[in-house]
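Taking it in order: structure first as structure tokens, then the write-up.
On a predicted model such as this, the values are computed, not experimentally measured, just so you know. So you know, we letter chains A, B, ... as the sequences are listed, proteins then strands, and number each from 1.
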Amino acid sequence: MFMNDRTQTFTLPIRTADGEFLARYSAEGLCALDFPSGPKAPASTPDPNPAPVPPHVRLWHALTVKALGRALAGQAAGRLPPLDLSCGTKFQQTVWQALSQITCGRNSSYSQVAHAIGRPKAVRAVGAACGANPIPVLVPCHRVLASDQGLGGFSAGLDWKRTLLAREGVRLAA
DNA sequence: CCCTAGCGGTGCT
DNA sequence: AGCACCGCTAGGG
């Protein structure tokens with residue numbers, strides 16, 4: 001083989017009441033989920049020359065659509081497509097893995113996650129890893145709060161974080 | 001309340 | 001190697 005085995009990825013839109021998300025798929029599974037871009041998020045420009053979407057990707061996408069719909073409604077996401085987290089470092093993947101185990105309606109803190117992965121002092125690094133999470137909502141980085149019960153940060157904007165938490169019924173201090 | 005020091009991972013030089 | 005970021009935290013005014 002030459003080195004031209006381009007790892008083809010597919011980007012598929014998901015229309016929701018909150019705007020149009022974009023799901024990206026690698027050969028291994030869902031590798032990214034993007035929040036609606038603009039404030040009003042007009043429909044994405046259709047690809048003028050779209051590559052055909054393979055059946056297995058369609059299947060993954062169906063799972064993603066369903067899971068996202070439930071997650072946005074504040075319910076457990078249910079079955080997910082395979083996740084491709086290989087874009088992250090070992091540390092980040094460990095963190096993202098830990099995030100996935102925080103169940104709907106519950107929450108954690110950066111410090112707790114740091115302890116959970118056996119690096120109790122890597123608290124700040126955990127925060128940075130959360131910010132690098134390529135699959136927000138489904139990998140629920142929004143459930144991680146500051147230890148003083150503050151909101152902490154959220155790369156897509158704190159409004160999203162507040163909204164997601166509110167919908168799953170998480171009660172915030174203050 | 002604010003301020004600070006200390007922390008660990010990551011990316012850039 | 002060094003350095004400057006960071007979705008942080010605990011401790012001290």
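Side chain of A:Gln93 to backbone of A:Gly88: a donor-acceptor contact under 3.5 angstrom is found. Using modelled atom types, no side-chain atom of A:Arg143 and backbone atom of A:Leu99 make a donor-acceptor pair closer than 3.5 Å. A distance-only check finds a donor-acceptor pair linking the side chain of A:Glu168 to the backbone of A:Gly105 [under 3.5 Å].
Proximity of residues 106-125 of chain A to DNA chain C (heavy atom under 4.0 angstrom from any strand atom) is restricted to A:Tyr110, A:Ser111, A:Val123, A:Arg124. The stretch residues 135-146 of chain A touches DNA chain C through A:Cys141, A:Val144, A:Ala146, each having a heavy atom within less than 4.0 Å of the strand.
Base pairing in DNA chain C gives the following stems of 3 or more Watson-Crick or G-U pairs, range against range and under 3.5 Å: B:1-6 with C:8-13, B:8-13 with C:1-6.
Taking a cutoff of 4.0 Å between a charged side-chain nitrogen and a carboxylate oxygen, A:Arg24 and A:Asp84 do not qualify as a salt bridge.
A single hydrophobic cluster is seen to contain both A:Val137 and A:Leu172, as judged by linkage of ILVMFWY side chains at heavy-atom distances under 4.5 Å, directly or through other members. Tracing side-chain contacts under 4.5 Å through hydrophobic residues (I, L, V, M, F, W, Y), one reaches A:Leu158 starting from A:Leu145; they form part of the same cluster. Two different hydrophobic clusters hold A:Leu30 and A:Leu63 under the rule that ILVMFWY side chains link at heavy-atom gaps under 4.5 Å. Under the 4.5 Å side-chain heavy-atom criterion for ILVMFWY residues, a single connected hydrophobic cluster contains both A:Val53 and A:Val65.
Rounded to an integer number of Å, the gap from CZ of A:Phe154 to P of C:dC6 is 18 Å. In this structure, A:Asp148 atom CG and B:dC2 atom C1' are separated by 13 Å, rounded to whole Å. Note: CD1 (A:Ile102) to P (C:dG7) measures 17 Å, nearest angstrom.
In A:Arg167, the CZ atom is crowded: over 12 heavy atoms of neighbouring residues, nucleotides or ligands sit closer than 6.0 Å.
Sequence neighbours left out, the pairs with a member in residues 55-76 of chain A that pass side-chain hydrogen bond (donor to acceptor under 3.5 Å, both in side chains) are A:Tyr25-A:His61, A:Tyr25-A:Thr64. Sorted by first and then second residue, the ring-ring contact (aromatic ring centres under 6.0 Å, His included) pairs involving residues 93-145 of chain A (not counting sequence neighbours) form an empty list.
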Restricting to nitrogen or oxygen on both sides, can you table the protein-nucleotides 11-13 of chain C pairs closer than 3.5 Å?
none

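Taking the C1' atoms as reference points, C:dC6 lies 12 Å from B:dC7, given to the whole Å.
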Practice item. Walk me through it: do A:Leu83 and A:Ile135 pass the test side-chain contact (heavy atoms from CB on, under 4.5 Å)? Key: CA-CA 9 Å; A:Leu83 304 184; A:Ile135 312 182; 4.1 Å; yes
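Between A:Phe35 and A:Phe154, the ring-plane angle classifies as perpendicular under the 30° and 60° cut-offs.
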